[in-house]
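Step one of this worksheet: look at the structure below.
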Amino acid sequence: MRAMQKSRSRHYAIVPAAGTGSRMGAAQPKQYLPLLGRPLIHHALSVLCAAPEIDAVFVVLSVDDREWARHDWSGLGPKLKPLFCGGATRADSVLGGLRAIAHEAEQSDWVLVHDAARPCLAPWHVDKLTRELAHDEVGGLLAVPVADTLKRADHHRHVVETVARDSLWQAQTPQMFRYVMLRRALEGARNVTDEASAIEAAGLRPRLVQGDATNLKVTYPLDLHLAEWILQNREGVQQ
Ligand SMILES: Nc1ccn([C@@H]2O[C@H](COP(=O)(O)OP(=O)(O)OP(=O)(O)O)[C@@H](O)[C@H]2O)c(=O)n1
Ligand SMILES: C[C@](O)(CO)[C@H](O)COP(=O)(O)O
């Protein structure tokens, strides 16, 4: 029925947030660690919920998550919907989210998958990604060109070669693909660390949309300090 009524593809955000944050080594999963007075995940959710392009924001939580209910998310508005269907891996969590929204997503709707662990997502990241991919047949992802010289190491941490960095990019999120394409790709390739890898495994070529280094992933304790600094100081960084 909605297919007959709608005039444009919808954009859904899926935010995998069912990880344990083992590399962070904190007492609670990193998505709930305090960052500038809010749970870390709140920062990206507030940008996604405020984005005019995005129709709904689904947060994929672990089945036994007890922390979500301890916080007040009402300020983020009606677009935000928690789904308690996380899996053993990030790919499982994203696929669980895709299955859970099957009743409302049309095949051609766009899905933007964004890590809960990337709190410095900015409105211009979402805007640039959606604009540049609006007419793309496959979809794509935010990414930044590799800037450092790259070394490959042996098991003793000695350099065995210098790897040419031309044409190498670091993948970020959001990663944006059509609902049906992403679901099929993830059903067929579960051992992947991002959505683009699944799409690539299906024989397609995601487009790289240049982002910037402020959209870092919080993985280790130092990253939390970097994220705090970025959120407080990046006025004027917009590309
Ligand atoms: N089973 C999992 C594993 C990860 N994630 C989410 O995927 C994102 C990126 O993963 P990562 O940074 O690796 O998070 P963790 O798995 O929590 O961290 P670690 O690998 O250090 O345990 C995070 O938002 C995380 O919550 C998820 O939803 N479900
Ligand atoms: C999706 C991602 O953030 C792109 O850089 C990354 O692949 C997630 O990595 P992890 O292996 O879950 O830490």
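Numbering of ligands and ligand atoms starts at 1, following listing order. FYI, side chains are in, hydrogens and waters are out, and symmetry mates aren't considered; it's all heavy atoms of this structure.
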Should you measure from each heavy atom of [X], which atoms of ligand 1 turn up under 4.0 Å away?
| X | answer |
| --- | --- |
| Ala117 | 24 (O) |
| Ser93 | 1 (N), 2 (C), 27 (C), 28 (O), 29 (N) |
| Lys217 | 11 (P), 12 (O), 13 (O) |
| Ala116 | 24 (O) |
| Ala88 | 1 (N) |

For [atom], grab the closest protein heavy atom and report residue, atom and distance to one decimal in Å.
| atom | answer |
| --- | --- |
| atom 4 (C) of ligand 1 | Gly19 CA, 3.6 Å |
| atom 24 (O) of ligand 1 | Pro16 O, 2.8 Å |
| atom 17 (O) of ligand 1 | Gly21 N, 2.7 Å |
| atom 9 (O) of ligand 2 | Lys217 CE, 3.7 Å |
| atom 3 (O) of ligand 2 | Asp115 OD2, 2.5 Å |
| atom 1 (N) of ligand 1 | Gly87 O, 2.9 Å |
| atom 20 (O) of ligand 1 | Arg23 NH2, 3.0 Å |
| atom 10 (O) of ligand 1 | Arg90 CD, 4.2 Å |
| atom 14 (O) of ligand 1 | Lys30 NZ, 3.3 Å |
| atom 28 (O) of ligand 1 | Ala18 N, 2.9 Å |

Neighbour count above 12 (heavy atom, 6.0 Å) for [X] [atom1]:
| X | atom1 | answer |
| --- | --- | --- |
| Asn191 | CG | no |
| His156 | NE2 | no |
| Arg99 | CZ | yes |

Measure across [X] and [Y] and return the closest heavy-atom pair with its distance rounded to 0.1 Å.
| X | Y | result |
| --- | --- | --- |
| Val146 | Gln170 | CG2-CG, 4.0 Å |
| Leu216 | Leu226 | CD1-CB, 3.9 Å |
| Ser93 | Pro16 | CB-CB, 4.4 Å |
| Gly139 | Phe177 | C-CE2, 3.7 Å |

Would you call [X] and [Y] a salt bridge, using N to O less than 4.0 angstrom?
| X | Y | result |
| --- | --- | --- |
| Asp115 | Lys217 | no |
| Glu67 | Arg70 | yes |
| Glu137 | Arg207 | no |
| Arg178 | Glu106 | no |

For [X], is at least one N or O under 3.5 Å away from an N or O on ligand 1?
| X | value |
| --- | --- |
| Val218 | no |
| Val60 | no |
| Thr219 | no |

Would you indicate which of Asp115, Thr89, Leu61, Val94 comes nearest to atom 8 (C) of ligand 1 when only heavy atoms are counted? Asp115
Applying a strict 4.0 Å limit to heavy atoms, is Arg118 in contact with ligand 2? yes
Please state whether Gln170 comes within less than 4.0 angstrom of ligand 2, counting heavy atoms only. no
Taking heavy atoms and a distance under 4.0 Å, where does His114 meet ligand 2: side chain, backbone, both or neither? neither
Honestly, for Thr219 the part within reach of ligand 2 (heavy atoms, under 4.0 Å) is neither
Go through ligand 2 atom by atom and flag the ones less than 4.0 Å from a non-hydrogen atom of [X].
| X | value |
| --- | --- |
| Thr173 | 1 (C) |
| Arg23 | 10 (P), 13 (O) |
| Arg90 | 1 (C), 12 (O) |
| Thr193 | 1 (C), 6 (C), 7 (O), 8 (C), 11 (O) |
| Ala171 | 4 (C), 5 (O) |

Residue pair [X] / [Y], side-chain heavy-atom distance below 4.5 Å:
| X | Y | value |
| --- | --- | --- |
| Thr162 | Leu150 | no |
| Arg10 | Ile54 | no |
| Val144 | Trp169 | no |

What orientation do Tyr32 and His71 show, parallel under 30°, tilted 30 to 60°, or perpendicular over 60°? parallel
Counting N and O atoms only, with roles assigned by atom type, does the side chain of Arg234 sit under 3.5 Å from a partner on the main chain of Cys120, one being a donor and the other an acceptor? yes
Residues Asp194 and Ser197: side-chain donor-acceptor under 3.5 angstrom: yes
For ligand 1, note which part of Thr20 has a heavy atom under 4.0 Å away: side chain, backbone, both or neither. both
For the 3.5 Å polar cut-off, considering only N or O atoms, please tell me whether Gln172 and ligand 2 meet it. no
